[in-house]
Each structure stands twice: as structure tokens, then as C-alpha cells.
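Below: one structure, written as C-alpha cells.
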Amino acid sequence: YKKIPISMKDISSSHLDLGMSEASSILQRRVDRGRMESRKMAETLTRITPSLSYDSLKEADLVVEAVVELETVKRQVYQETEEVIAEDAVLASNTSTISITKLAEGLKNPERFCGMHFFNPVHRMPLVEVIRARQSSEETIARTVAYAADLGKSPVVVNDCPGFLVNRVLFPYFAGFAGLIEEGVDFERIDKVMQKFGWPMGPAWLLDVVGIDTSHHAGGVLAEGYPDRMSNEKANIITHMFENGRFGKKNDKGFYIHTTDKKGKPRKERDPEMDTLLEQCCGQKENSQVTGQEIIERMMLPMLMESSRCLEDEIVESPAEVDMALIFGLGFPPFRGGIFRWADEEGLERLASASEKYVELSQLYKPTEQILGMVSKGEVFHPIGG
């Protein structure tokens, strides 16, 4: 409904039918809620041209690749795409785990290539990460940012690194969750504490929705990228669930059993099979000694420290962009203003001291040089009036 003509290229008619069906379902829900007229829905669908041929991309200004997360397959697609698209067309990848700089190697026009990482569900999540490869030109980044804005999205430009920005800071949060589970803290209790903190869903629920197989794969990429603090040599709850074929909502085997109520609203209840798995994984009975405040610290401090490292590594330019990315890409509690505004409110000195308590658990809790420097100078991420 943004009046942008789209060509949808796939390898089989059944895949194209699935794509059109999904687009139709999303728009139909808008019609059902009174947020779109049926006429507009029909107009929007006619702007999508399904095709089995690369020739349909000849007139494209920007092509977004969203094939399976295998480098060999992506390279094959790029080779075939570059043969037909215009010399000045931008080619972007929606990869969430493969280095954009690496994918750019071997392209005819690497300066015309960048990452354009959308978040699920795409029609509802406002954030788009625009990832700058070493070879990407400023014009390519500017055009991709403009296109994301034309789609009604909120783009944030990040430099290439494992996990980019959002996944890089999400997985330390999941690591905090896995550590609590290992100590016998019940996952439902953790979810309740984090929802009370303001998250739309707790970490166990989020893992079910993201997909435990997807999280396991992405966790491996990050472990390889940051072995000092994200190494996954020791199996955790996510590994155990993956190895037991529990992939979350997608195969109805997760922390919860997911159903809908009479109004079609999502509903979840604890999967009783999880109790046996937790006993096998952790061998501990419920630990209720960890306080709610400690749960928040154990979850949020790794995310804060990794966010700070992203600034130190110049992956992203400003604290404001990190805050926006987490609110629009992860559902970080908007009333808290993002990870850095939350840290300012809590007090960096208190949070740095709290982190020191947990360093023996994981290097993810180690306060960054940036934060220690700010504490010593009495600085904050968002100065008043700054």
C-alpha cells in the first residue's frame, strides 16, 4: 500500500503462490480491522508481479535477496541477479547471520551491495538495519535508507560485524536467561519478571516465537565471532532444546504450548514436557532465592555491556540509534526509552558495580572501558539538553 511496484522472484510456482497468499492474508487482516479498504487491498496486490524469471528484475532500482542462510546459495543468486539488473541498481541482502563484507566478495559491483535486514513479523516491526560492507558506497547506503523510509520503516545504519547490531545485543540477553535456567530459576518466573519490567514477552516466550533452531544457529555465529564472551562450548538450555527437536512455536514444541483464544488472540501455557528436560539439562530443583532485581540485572547487564561495545567498535554512531533499534527491532520497553536511557536512569555507577558481581559467571558482565570511563567522569549517555 506504499504504491511501490514489486517483482517477486522465486524458484517454483508453489513458492510464489505461498508469497502471494501471505501478502493477501496480511492485507486481509488490515481490511478486517477497518484499517484498509478492500479496493486498496486489490490495488496493492496488483502491484506485486510474481515471476520465475530473473528478467523481471531488469527495471528494478533495488533488489533484496532473502533466500536460505547458506553462503553458496546466496552467491549463486547474486551471480544470476547481476547478469540482468541495471549497472546502478542496488543489491541488498536480508541475511541475519552472514557477513555482508564477505558476501560482497566476488560481486561485479561490490560498491552497489549492502545489507538490508528486516525483522519478523516484517509488516509489524518498524526497524530495518542497513548494513554497510567495507565495499559499500555512500550512495548505496543513502538509497537503501531512503527506500526503507519510503516503506514506512525506521532505518538504522550499522557497520558490518557478526550479529550486526540487534542480534549482537540480543544474544547476551539470552545468555543471561540461559545462566539463570542453569541455576534452577524457573523460566515462567523469569518471563513474568521481564514482562513486568516492560518487555512485551519474556525471554522464553520470545525464544519460542523467534524459533529455537534459528536462535541456536545465530548463537553459533556469535560464538564464533566473539569467543571470549559468547563461546557456546558448554551446552545450555537452547542447545538442549535444539538437540531434542524442540524448535518453539514453529513445531509446537517449545517452553510453552501456543494456542489462540476464541477471539484469535495468542495464548500460551507451560509445556509439561519442559520439566523433564530442565531436570536433564540442569539437574536442579527450583531455585527461588534469586530475587526479581537480580533476574533483571542478570538479563539486562549483558545487553547493556554489548550495546556499549557496539559504540566502542563504531558499529553504530550514537546511543540514540541503539535505543531506537532496540525499541523498534526487539520491542524494548518504549517507556524506558531504550537500553542507554534505562542505564542513565538506573545510574551507571550502580550498574557497573552490579556487573562486577557477576563477572565470575561470564565475561559478558564485564563493564566496558567506555562505561568505566563515563562513571569516573560522572557522564551519562544522554546528557540533559544534549
Side-chain angles (χ1 to χ4, degrees), residues 117 119 124-130 145 148-149 153-159 161 163-177 190-203 206 292-358 364-386:
H117 180 216
F119 291 81
R124 281 173 43 202
M125 298 302 274
L127 186 74
V128 172
E129 284 179 314
V130 176
V145 164
K153 299 293 185 185
S154 298
V156 61
V157 178
V158 303
N159 286 319
C161 69
F164 312 136
L165 171 62
V166 172
N167 280 335
R168 179 172 163 179
V169 301
L170 172 62
F171 277 79
Y173 174 83
F174 283 154
F177 170 70
I190 300 168
D191 272 8
K192 280 173 187 159
V193 169
M194 297 318 292
Q195 282 181 263
K196 196 174 173 189
F197 177 84
W199 286 93
M201 52 182 81
L206 181 59
Q293 180 60 32
E294 284 171 329
I295 288 173
I296 290 167
E297 288 173 355
R298 293 275 297 271
M299 294 294 302
M300 298 302 299
L301 290 172
M303 181 179 265
L304 171 64
M305 296 311 162
E306 202 60 39
S307 297
S308 170
R309 284 186 198 99
C310 286
L311 288 177
E312 287 182 329
D313 296 347
E314 297 182 348
I315 299 305
V316 66
E317 275 191 7
S318 69
E321 285 172 301
V322 177
D323 285 346
M324 180 197 80
L326 297 197
I327 290 169
F328 288 157
L330 287 182
F332 192 100
F335 70 92
R336 295 193 182 275
I339 188 78
F340 290 131
R341 284 204 182 275
W342 168 74
D344 286 348
E345 288 284 322
E346 288 289 309
L348 288 180
E349 190 172 358
R350 189 190 78 72
L351 293 178
S353 298
S355 285
E356 298 280 10
K357 280 193 313 192
Y358 303 121
L364 283 167
Y365 290 97
K366 188 178 179 183
T368 62
E369 292 300 318
Q370 179 189 49
I371 284 177
L372 292 174
M374 289 171 74
V375 168
S376 70
K377 294 175 193 163
E379 293 174 349
V380 291
F381 284 104
H382 294 285
I384 293 169

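Quick note: residue numbers are just sequence positions, from 1. If you're wondering where the values come from, they're calculated on a predicted model, not measured in any experiment.
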Should the pair Phe332 and Phe197 be assigned to parallel (<30°), tilted (30 to 60°) or perpendicular (>60°) ring geometry? perpendicular
Tell me if a side-chain donor or acceptor on Lys196 pairs with a main-chain N or O of Asp191 at a distance below 3.5 Å. no
Of all heavy-atom pairs between Ala352 and Pro367, which one has the smallest distance, and what is that distance? O-CG, 3.8 Å
For the pair Lys153 and Leu127, evaluate side chain to side chain contact (heavy atoms under 4.5 Å, CB included) and give the outcome as yes or no after the intermediate values. CA-CA 6 Å; Lys153 299 293 185 185; Leu127 186 74; over 6 Å; no
Evaluation steps, salt bridge (charged side-chain N to carboxylate O under 4.0 Å, His left out), between Arg336 and Asp344: CA-CA 10 Å; Arg336 295 193 182 275; Asp344 286 348; over 6 Å; no
Carboxylate-amine/guanidinium proximity below 4.0 Å for Glu345 and Arg341: no
With a 4.5 Å cut-off on side-chain heavy atoms, are Ile190 and Met299 touching? yes
Within the structure provided, determine whether Ile339 and Asp323 are in side-chain contact (heavy-atom separation under 4.5 Å). yes
When rounded to the nearest 0.5 angstrom, what is the spacing between CG in Leu348 and NZ in Lys377? 13.0 Å
Under a 4.5 Å cut-off applied to non-hydrogen side-chain atoms, are Val130 and Phe164 in contact? no
Before we go on, tell me: are the rings of Trp199 and Tyr173 under 6.0 Å apart, centre to centre? yes
Using side-chain heavy atoms (C-beta onward) and a distance below 4.5 Å, is Arg168 in contact with Asp313? yes
Kindly determine whether Val145 and Val157 satisfy side chain to side chain contact (heavy atoms under 4.5 Å, CB included), including the steps that lead there. CA-CA 8 Å; Val145 164; Val157 178; 3.5 Å; yes
What closest approach, in Å, do Gln195 and Pro200 show between heavy atoms, and which atom pair accounts for it? NE2-O, 3.6 Å
CD1 (Ile371) and OG (Ser376) are apart, to the nearest 0.5 Å, by 12.0 Å
Which pair of heavy atoms, one from Cys310 and one from Leu165, lies closest together, and at what distance? SG-CD1, 3.8 Å
Looking at Arg309, Met305, Glu306, which hits side chain to side chain contact (heavy atoms under 4.5 Å, CB included) with Val169? Glu306
Side chains of Ser307 and Leu326 in contact at under 4.5 Å (non-hydrogen atoms): yes
Under the criterion side chain to side chain contact (heavy atoms under 4.5 Å, CB included), I'd like the reasoning laid out for Met303 against Leu330: C-alpha separation, chi angles, the key distance, then a yes or no. CA-CA 12 Å; Met303 181 179 265; Leu330 287 182; 4.0 Å; yes
Going from CD on Glu369 to OG on Ser308, what distance comes out if it is rounded to the nearest 0.5 angstrom? 9.5 Å
Counting only heavy atoms not in Glu314, do more than 12 fall under 6.0 Å of its CD? no
With a 6.0 Å cut-off on the ring centroids, do Phe174 and Phe177 count as close? no
If the test is side-chain hydrogen bond (donor to acceptor under 3.5 Å, both in side chains), which one of Lys366, Glu297, Arg298 qualifies with Tyr358? Glu297
Does the side chain of Leu351 reach to within under 4.5 Å of the side chain of Met300, using non-hydrogen atoms? no
Output, in order, the C-alpha distance, side-chain angles, deciding distance and verdict of side chain to side chain contact (heavy atoms under 4.5 Å, CB included) for Lys357 and Tyr365. CA-CA 9 Å; Lys357 280 193 313 192; Tyr365 290 97; over 6 Å; no
Is there a donor-acceptor pair under 3.5 Å between the side chain of Glu321 and the backbone N or O of Ser318? yes
Glu312 CD to Thr368 OG1 distance, which is reported to the nearest 0.5 Å: 4.5 Å
Whether the Glu356 and Ser353 side chains hold a donor-acceptor pair (N or O, under 3.5 Å, no angle test) is what I'd like checked. no
Do His382 and Phe340 have side chains that get closer than 4.5 Å, going by heavy atoms? yes
Check whether any side-chain heavy atom of Leu301 lies under 4.5 Å from a side-chain heavy atom of Leu364, and answer yes or no. no
Using every non-hydrogen atom in the two residues, find where Val156 and Ala325 come nearest and quote the distance to one decimal. CG1-CB, 4.1 Å
Heavy-atom pair of closest approach, residues Pro155 and Ala149: CG-N, 4.5 Å
Assign the ring pair His117 / Phe119 to parallel, tilted or perpendicular, where the plane angle (0 to 90°) is split at 30° and 60°. tilted
